[in-house]
Amino acid sequence: MNGLDNFSTSRSTPINKMSNEATLVTLDDFELKFPANVDECFNAAYGVEHWSRIKKALARPPGYTSVRVNTLVTDQKALVAKLNEALKPFNSRLEAAGRPAITALPHESLSDVVLVPSASRVNFPIQETLARKKIIVDRLCGEAVLRGSDIFARGVMCASSALNCDDEVAIFVDLDHSATRGSDAELHAGRKILIAQGKAQMSRSEMFRAMKGLAIAVTVRLCDDAPPLNGVLLGELYMQNTPSSVVAHVLNPQPGDTILDMCAAPGGKTSHIATLMQNKGTLVACDRSRRKVLEMKSYFESMGLSIISPIKLDSTHSVLPKQDNVISVQEIIAAAVKAQTNEKLLPIAGFCAETFDKILLDPPCSALGLRPRLLHACDMNELEQYCSMQRNFLWAAVFLLKPGGILVYSTCTVNPNENEKMVAHALKEYPLELVPHTPVLGERGLTNQGLSADQAALVQRFDPSSDIDTMGFFCAKFIKTKSIRDVEA
Ligand SMILES: C[S@@+](CC[C@H](N)C(=O)[O-])C[C@H]1O[C@@H](n2cnc3c(N)ncnc32)[C@H](O)[C@@H]1O
């Protein structure tokens with residue numbers, strides 16, 4: 001069997017020249033690979049050609065970086081100007097290489113989002129590159145390179161035997177985790193993808209001795225070049241992809257609301273909700289991980305977002321048993337503040353049924369919308385476990401929401417079972433109805449996954465293969481039509 005059968009490729013002629021040619025493709029030929037039963041399910045939902053386009057798009061980074069403006073301290077116009085100032089060193093490097101500069105732009109529909117386009121890619125000759133010395137990195141490092149990173153010593157798995165500082169190298173990603181750190185890249189026989197060219201900043205022996213330090217400066221990628229924005233204008237912006245920034249707007253939080261974010265860490269959507277509430281009202285941010293809740297707490301404090309109560313809580317077990325007196329969210333928080341001793345987090349075990357005006361449910365999901373991804377090891381059984389967990393979260397959300405309250409459900413996956421089918425499940429099991437929402441930047445939902453055409457038109461699906469060029473994402477907004485007790489009666 002030709003090793004290329006392990007990939008789906010758009011080119012019939014494999015690139016050659018290496019002894020292990022059959023196990024090598026370039027990023028341009030590559031589409032993400034899934035187990036047969038996942039492909040079968042997604043082919044049925046999207047159609048074979050569309051699913052193939054999605055798999056190709058998932059392996060590449062979007063063509064721009066999206067940042068959300070902290071409107072409590074600045075505005076979109078001012079942030080665009082500051083970002084363009086901060087981009088000057090990157091633009092100087094582009095111009096020195098004869099490449100066009102990039103300009104940050106306000107998002108046309110979202111007044112608190114700024115888009116920073118990546119620099120257009122530069123093509124390089126593949127065969128010449130394959131004749132260079134080689135570096136092989138692991139999957140995570142390869143994905144970081146595609147997002148604009150250089151390569152640090154810890155990320156290098158294999159290097160050609162006689163690699164010296166300043167050598168020009170071809171950069172590959174090991175797709176099978178088969179590379180042994182420190183081995184000769186020329187002898188690696190597993191599947192790998194060519195993703196970039198670079199220049200060694202250390203000799204081979206230094207690379208494997210050093211635990212840190214820049215090993216390879218990436219010079220050209222087989223994708224657009226994202227500018228380095230980590231740590232830029234801290235406090236004034238939050239790195240958040242566009243669909244995630246849509247979610248808080250869809251929830252439409254108002255000052256004075258009582259809102260629950262059931263799965264809040266690292267707190268991107270929570271901080272956006274608090275900002276839209278103008279830091280007035282009550283916002284509970286739950287997460288099961290104590291470490292993540294402590295990190296969120298410090299982040300919210302550093303941003304001055306005082307209305308947020310970060311709580312370590314399993315949201316699927318956050319509904320308190322039925323009692324004679326309904327205790328409000330504010331009373332529960334006040335009692336916990338009183339009871340708090342040396343413990344850093346509020347001791348809260350749950351909330352009374354039907355006490356929140358609005359709830360955001362952004363649960364753990366299969367994350368099959370994140371870009372770029374070069375490997376996904378999920379099968380249908382694992383995907384089903386996410387669905388089962390999401391159904392438990394939905395149950396708790398419906399109990400905690402007041403009648404007439406709003407529930408927004410979102411995922412960062414293209415799996416229809418976690419998206420359209422989960423919405424169909426919610427509509428069937430609970431007193432929920434879909435409601436129109438704004439802004440709508442994505443596409444309508446799929447109509448062959450349990451939703452009627454009218455229902456599919458009320459949800460929002462971000463397709464990574466569409467012109468909007470974002471991550472895969474999904475969002476639905478429900479209103480609770482009656483009390484859960486009326487349903488139980
Ligand atoms: C998709 S992430 C949430 C991202 C977040 N909404 C944001 O925009 O920054 C899902 C989160 O759910 C948390 N989680 C997992 N199981 C949970 C549970 N049973 N209860 C509460 N949080 C849970 C995970 O720790 C993870 O931080």
Side-chain angles (χ1 to χ4, degrees), residues 66-68 70 110 112-113 237-251 253 259-277 283-300 302-303 305 308-320 345-346 348-351 356 358-371 373 376 378 382-383 385-400 407-415 418-419 422 460 462 470-477:
S66 177
V67 303
R68 177 166 57 75
N70 179 1
L110 297 170
D112 55 2
V113 173
L237 60 79
Y238 190 91
M239 304 285 289
Q240 190 170 49
N241 57 70
T242 308
S244 295
S245 300
V246 166
V247 171
H249 288 289
V250 167
L251 188 67
I259 300 186
L260 171 66
D261 185 344
M262 293 180 79
C263 299
K269 297 183 188 76
T270 322
S271 56
H272 194 188
I273 293 168
T275 305
L276 294 174
M277 292 168 79
L283 177 51
V284 176
C286 291
D287 204 280
R288 191 173 59 175
S289 156
R290 179 179 159 82
R291 177 187 57 78
K292 291 186 190 177
V293 177
L294 286 169
E295 281 169 14
M296 275 200 297
K297 186 172 185 283
S298 317
Y299 171 64
F300 298 146
S302 74
M303 301 293 286
L305 297 171
I308 306 175
S309 300
I311 294 170
K312 182 210 167 306
L313 189 61
D314 175 346
S315 300
T316 61
H317 292 100
S318 56
V319 188
L320 291 175
L345 296 173
L346 290 178
I348 291 182
F351 297 92
F356 285 95
K358 292 171 185 167
I359 295 181
L360 171 61
L361 173 53
D362 184 38
C365 72
S366 56
L368 295 180
L370 298 189
R371 300 171 60 190
R373 280 303 293 264
H376 260 299
C378 62
E382 284 166 50
L383 292 185
Q385 284 171 22
Y386 285 108
C387 295
S388 155
M389 206 188 330
Q390 288 153 1
R391 285 190 282 268
N392 291 341
F393 281 110
L394 268 174
W395 177 90
V398 175
F399 267 82
L400 291 171
L407 167 66
V408 170
Y409 174 82
S410 59
T411 72
C412 59
T413 182
V414 293
N415 177 8
E418 297 171 71
N419 296 340
M422 197 55 62
Q460 191 164 181
F462 289 86
T470 65
M471 69 192 299
F473 200 87
F474 182 86
C475 178
K477 179 174 183 173

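Counting convention: from 1, in listed order, for ligands and their atoms alike.
Proximity of a side-chain donor or acceptor of Q390 to a complementary backbone N or O of P364 within less than 3.5 Å is detected. Proximity of a side-chain donor or acceptor of K297 to a complementary backbone N or O of L345 within less than 3.5 Å is not detected. In this structure, S66 contributes its side chain and Q240 its backbone to a donor-acceptor pair below 3.5 Å. No donor-acceptor pair under 3.5 Å is formed between the side chain of N70 and the backbone N or O of Y238.
Side chain to side chain, N241 and T470 fail the donor-acceptor criterion of an N or O pair below 3.5 Å. Donor-acceptor pairing under 3.5 Å is lacking for the side chains of R68 and T275.
Annotation: ligand 1 has protein neighbours M262, C263, A264, A265, P266, G267, G268, K269, D287, R288, K292, L313, D314, S315, D362, P363, P364, F393, each with a heavy atom less than 4.0 angstrom from the ligand.
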